[in-house]
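Since the structure comes first, as structure tokens, the remarks are kept for the end.
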Amino acid sequence: MLKNTYENYCMIRDKLGYSDYKVAKETGIGTATMSNWKNGKYVPKSDKFQKIADFLGVSLESITNGDSDDESRQYYVNEETAEMAQTLFENKPLRVLFDAAKDATPEDLETTYNMLMALKKKERGNNVD
């Protein structure tokens, strides 16, 4: 189980373009814990697995059992939107858009929301709820 969970995690992590360091930093899990897990010396406790799963946006079972639920948990409804998001993510200067909301003030988020809604309204030529 030890090696399999790390391999499952690596497949998901790599697919999303993260490093162990980034996952450790964003989840508050120590880099030593990640290293010990990688080297087969430690199995993270369920609360740490859950933090990792939450950060990666997957189910706990995806990491612990390798159960792939990518199709059922696809984030974007529209495939074209998913492709554009991936393009943005792969463009390092634009990748900041994915992290911008973490430290944003409520006012900044509201401004961003209003701008996006105005764009949708303009695109559709009507009011957007």
Side-chain angles (χ1 to χ4, degrees):
M1 176 179 168
L2 181 67
K3 199 64 169 170
N4 288 341
T5 60
Y6 188 76
E7 289 171 2
N8 297 338
Y9 153 77
C10 286
M11 287 191 326
I12 297 165
R13 179 205 64 203
D14 293 347
K15 181 178 178 182
L16 297 171
Y18 293 120
S19 64
D20 280 345
Y21 175 78
K22 176 75 172 174
V23 174
K25 181 179 175 187
E26 294 297 323
T27 61
I29 297 170
T31 54
T33 297
M34 299 298 280
S35 180
N36 286 334
W37 183 25
K38 178 181 181 177
N39 295 323
K41 298 177 182 176
Y42 175 78
V43 178
K45 294 180 181 166
S46 61
D47 63 320
K48 290 183 180 179
F49 272 133
Q50 189 62 60
K51 285 181 182 181
I52 293 168
D54 290 345
F55 173 73
L56 297 175
V58 298
S59 68
L60 185 61
E61 292 76 24
S62 294
I63 297 172
T64 57
N65 300 331
D67 295 339
S68 178
D69 57 359
D70 288 344
E71 295 300 318
S72 63
R73 292 177 55 103
Q74 186 172 346
Y75 185 78
Y76 296 100
V77 176
N78 179 302
E79 184 63 33
E80 188 176 335
T81 303
E83 289 174 15
M84 179 54 70
Q86 186 64 33
T87 300
L88 289 170
F89 180 77
E90 290 171 0
N91 184 319
K92 289 191 186 245
L94 298 178
R95 189 178 294 177
V96 70
L97 294 171
F98 287 91
D99 294 326
K102 281 186 193 157
D103 299 333
T105 66
E107 294 81 16
D108 291 341
L109 291 176
E110 183 176 1
T111 299
T112 303
Y113 171 81
N114 289 333
M115 288 179 2
L116 290 171
M117 295 309 287
L119 286 171
K120 286 181 87 172
K121 181 178 178 181
K122 179 181 174 187
E123 177 185 296
R124 293 183 181 161
N126 60 13
N127 291 330
V128 176
D129 294 334

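Keep in mind that what you see is a predicted model, and the values were worked out from it rather than measured. Here, residue 1 is the first one in the sequence, and each next residue gets the next number.
Here Thr5 contributes atom OG1 and Phe49 contributes atom CZ; the two are 4.0 Å apart, rounded to the nearest 0.5 Å. Between Tyr6 atom OH and Asn39 atom CG the span is 8.0 Å, to the nearest 0.5 Å. Separation of atoms CG (Asn36) and CE (Met34) is listed at 11.0 Å; rounding is to 0.5 Å. Taken from CG in Leu56 to CZ in Arg13, the straight-line distance is 9.5 Å, to the nearest 0.5 Å.
With sequence neighbours left out, the side-chain contact (heavy atoms from CB on, under 4.5 Å) criterion links Thr27 to Val23, Ile29, Lys51, Phe55. Every side-chain contact (heavy atoms from CB on, under 4.5 Å) that Ser19 has, sequence neighbours left out, goes to Tyr21, Lys22.
The side-chain heavy atoms of Ile12 and Lys15, taken from C-beta on, include no pair separated by under 4.5 Å. Taking 4.5 Å as the limit, every side-chain heavy atom of Lys25 sits out of range of all side-chain heavy atoms of Tyr18.
Clustering ILVMFWY residues whenever any of their side-chain heavy atoms sit less than 4.5 angstrom apart, transitively, puts Trp37 in the very cluster that holds Leu60.
Looking at every heavy atom in both residues, Ser62 comes nearest to Asn8 through O-CB, 3.6 Å. In this structure, Lys48 and Tyr42 approach most closely via the heavy-atom pair NZ-OH, 3.7 Å.
The one candidate from Ile52, Asp47, Asp54 that meets the side chain to side chain contact (heavy atoms under 4.5 Å, CB included) condition with Gln50 is Asp54.
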